[in-house]
Enquirer: 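Here's a structure for you.
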2 protein chains.
Amino acid sequence: MLSKASEYAIRSLVYIAVKNRDGLRPGYREIAREIEAPEQFTAKILQTLVRQKLLMSVRGRGGGFFFDPQSKPLPLIEIINAIEGYKLFTRCGIGLSKCSDENPCPIHNQYAIIRNQYQDLATKTTINTLAKKIIDGDAVLNRLI
Amino acid sequence: MLSKASEYAIRSLVYIAVKNRDGLRPGYREIAREIEAPEQFTAKILQTLVRQKLLMSVRGRGGGFFFDPQSKPLPLIEIINAIEGYKLFTRCGIGLSKCSDENPCPIHNQYAIIRNQYQDLATKTTINTLAKKIIDGDAVLNRLI
DNA sequence: ATAATAAAAGACAAAAACATCTTTAATTAA
DNA sequence: TTAATTAAAGATGTTTTTGTCTTTTATTAT
């Protein structure tokens, strides 16, 4: 399960991607309102993403957040890593420090499969994949955009 | 990902099940030491499990923790539910409050599959399943028992 | 009975996650 | 060049999770 910070990050970025298609650069107030996340906390998260160069921003009137049009599609796993690290995809299912294929905990073989599937999903799914679904009306981001 | 409390709970119970087979009732000090968990925190968690009747205990000299030999095999999902609730198996992949099959978030269809597989694993796997692997030497619980 | 042992219970403390408030810096329109 | 707007930054606060300490209660061996 993702941290709330990661969830807000992904929802924010999808919202930004959708808006960017119309040439708009939403600000954090609008973003937070539309994805139903706390305003200042969202601002902090976006700040982190900008610092890590996953996102761009401009200050001042007419400013806001946007993706560099040059940049490659952004997989969810990169966002998750930026916000909370990779532990979700590496941690033992019951918390053993030295659990591995060679030295498995008693649920390792079954758990590792699921963990890897999740990692695979997070690697293959990009913000654009998700934004497209919103635009096509095949999915929803809480408030309809 | 499970909370640490759930991880400690599962490891404790597997340890207890293994010891019970030899007619032994370990105490929380021994359990905590052997599964490498904090002693008093482990005691609190075991207390919760006893209150919820997933486990039994006797106080005083010769006391400790044990399973009712009458009781049915204990699936991991019951332990997880006792410690942290079901949210792991119900929460939306990106935290939307109203995400569902009918009103999906943009990752719902793929995420729900994985979440359900995990739930299935936690439902089908019991403490005894895991204890057996330890006893057969097919898996490990950190310190070798 | 008494001492030893072990879980239960309650108060407290530390760390992490989540969240807000206030001030500063950058940008733009007028 | 001033006012308005917007992100950045830093300090602070709250809640949850994780963890510890101390006292009480139950059990058993002597």
Side-chain angles (χ1 to χ4, degrees), chain A residues 1-13 15-16 19 24-33 35-67 80 82-85 87-88 91 94-95 97, chain B residues 1-13 15-16 19 24-33 35-67 80 82-85 87-88 91 94-95 97:
Chain A
M1 209 174 55
L2 298 179
S3 66
K4 290 197 175 190
S6 292
E7 291 175 353
Y8 297 151
I10 292 170
R11 275 155 48 202
S12 294
L13 293 176
Y15 183 82
I16 294 165
K19 286 296 181 176
L24 300 171
R25 296 171 169 180
Y28 70 80
R29 284 165 218 279
E30 171 186 346
I31 296 167
R33 180 173 16 93
I35 67 164
E36 295 181 354
E39 191 176 283
Q40 294 297 326
F41 194 37
T42 302
K44 286 296 183 196
I45 291 164
L46 294 174
Q47 227 178 86
T48 312
L49 296 171
V50 168
R51 259 190 258 111
Q52 305 220 24
K53 312 222 187 277
L54 302 185
L55 182 65
M56 301 183 73
S57 66
V58 289
R59 296 185 186 190
R61 194 180 273 219
F65 295 91
F66 61 102
F67 288 98
I80 296 166
I83 303 291
E84 57 176 299
K87 60 185 181 304
L88 196 56
R91 187 170 179 80
I94 56 172
S97 47
Chain B
M1 211 174 52
L2 298 178
S3 67
K4 291 199 174 189
S6 293
E7 292 176 351
Y8 297 151
I10 293 170
R11 273 151 56 197
S12 294
L13 293 176
Y15 182 82
I16 294 166
K19 285 295 182 176
L24 300 171
R25 295 171 171 181
Y28 69 80
R29 284 165 219 278
E30 171 187 346
I31 296 167
R33 179 172 17 92
I35 68 164
E36 295 180 354
E39 191 175 283
Q40 295 296 327
F41 193 38
T42 302
K44 286 294 182 199
I45 291 164
L46 294 175
Q47 227 178 87
T48 311
L49 295 171
V50 169
R51 257 191 261 112
Q52 305 221 21
K53 311 224 188 274
L54 302 185
L55 182 65
M56 300 184 72
S57 65
V58 288
R59 296 184 186 190
R61 195 180 272 216
F65 294 91
F66 61 102
F67 287 98
I80 295 166
I83 302 292
E84 59 176 296
K87 59 185 180 306
L88 195 55
R91 187 170 180 78
I94 56 171
S97 47

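Hydrogens, waters and symmetry mates play no part in the numbers below; they use all other heavy atoms, side chains included. Residue numbers start from 1 in every chain, and the chains themselves are labelled A, B, ... in the order their sequence lines are given, proteins ahead of strands.
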Enquirer: Report the distance from atom CG of Leu13(A) to atom OH of Tyr8(A), rounding to the nearest 0.5 Å.
Expert: 15.0 Å

Enquirer: State whether Ser57(A) places a side-chain N or O below 4.0 Å from either non-bridging phosphate oxygen (OP1 or OP2) of dT6(D).
Expert: no

Enquirer: Given atom CZ of Arg11(A) and atom P of dC18(C), what is their separation to the nearest angstrom?
Expert: 12 Å

Enquirer: Quick one: are Leu2(A) and Ile83(A) in side-chain contact, heavy atoms under 4.5 Å?
Expert: no

Enquirer: Can you tell me the distance, in whole Å, between the CZ atom of Phe66(A) and the C1' atom of dT27(C)?
Expert: 13 Å

Enquirer: Ignoring hydrogens and angles, does a donor from either the side chain of Arg59(A) or the base of dA25(C) sit under 3.5 Å from an acceptor on the other?
Expert: yes

Enquirer: Between Leu46(A) and Gly63(B), which has a closest nucleotide on DNA chain D that is more 5'?
Expert: Leu46(A)

Enquirer: Look at the side chain of Lys44(A) and the base of dA19(C), then say whether one donor and one acceptor between them are separated by less than 3.5 Å.
Expert: no

Enquirer: Whole angstrom is fine here: how far is it from CD in Glu30(A) over to P in dA7(D)?
Expert: 10 Å

Enquirer: Given atom CG of Leu49(A) and atom C1' of dA8(D), what is their separation to the nearest angstrom?
Expert: 14 Å

Enquirer: Under a 3.5 Å distance rule, please check whether Glu84(A) uses its side chain to pair with a backbone N or O of Ala5(A) as donor and acceptor.
Expert: no

Enquirer: Rounded to the nearest Å, what distance is computed from the CE atom of residue Met56(B) to the C1' atom of nucleotide dA26(D)?
Expert: 15 Å

Enquirer: Could you check whether Glu7(A) pairs with Arg91(B) (Lys NZ or Arg NE/NH1/NH2 to Asp/Glu carboxylate O, under 4.0 Å)?
Expert: yes

Enquirer: Could you say whether Glu39(A) or Gly60(A) is positioned toward the 5' end of DNA chain C, judged by the nucleotide with the nearest heavy atom to each?
Expert: Glu39(A)

Enquirer: Side chains of Tyr28(B) and Gln47(B): is there a donor and an acceptor less than 3.5 Å apart?
Expert: no

Enquirer: Output the rounded distance in Å from CD (Gln47(B)) to P (dT23(D)).
Expert: 17 Å

Enquirer: Any donor-acceptor pair under 3.5 Å linking the side chain of Glu39(B) with the backbone of Ala32(B)?
Expert: no

Enquirer: Between atom OH in Tyr28(A) and atom P in dT20(C), what is the gap in whole Å?
Expert: 12 Å

Enquirer: Rounded to whole Å, please give me the gap between CD in Gln40(A) and P in dT23(C).
Expert: 13 Å

Enquirer: When you compare the protein's N or O atoms with those of nucleotides 12-18 of chain D, which come within less than 3.5 Å of each other, and at what distance?
Expert:
residue, atom, partner, partner atom, Å
dT18(D), OP1, Lys4(B), N, 3.1

Enquirer: For the residue pair Thr42(B) and Ser12(B), what are the closest heavy atoms and their distance?
Expert: CG2-OG, 3.7 Å

Enquirer: Compare side-chain N and O positions of Arg61(B) against OP1 and OP2 of dT30(D) and report whether any pair is under 4.0 Å apart.
Expert: no

Enquirer: How is Arg29(B) classified with respect to the nucleic acid when contacts are heavy atoms under 4.0 Å: base, sugar-phosphate, or nothing?
Expert: nothing

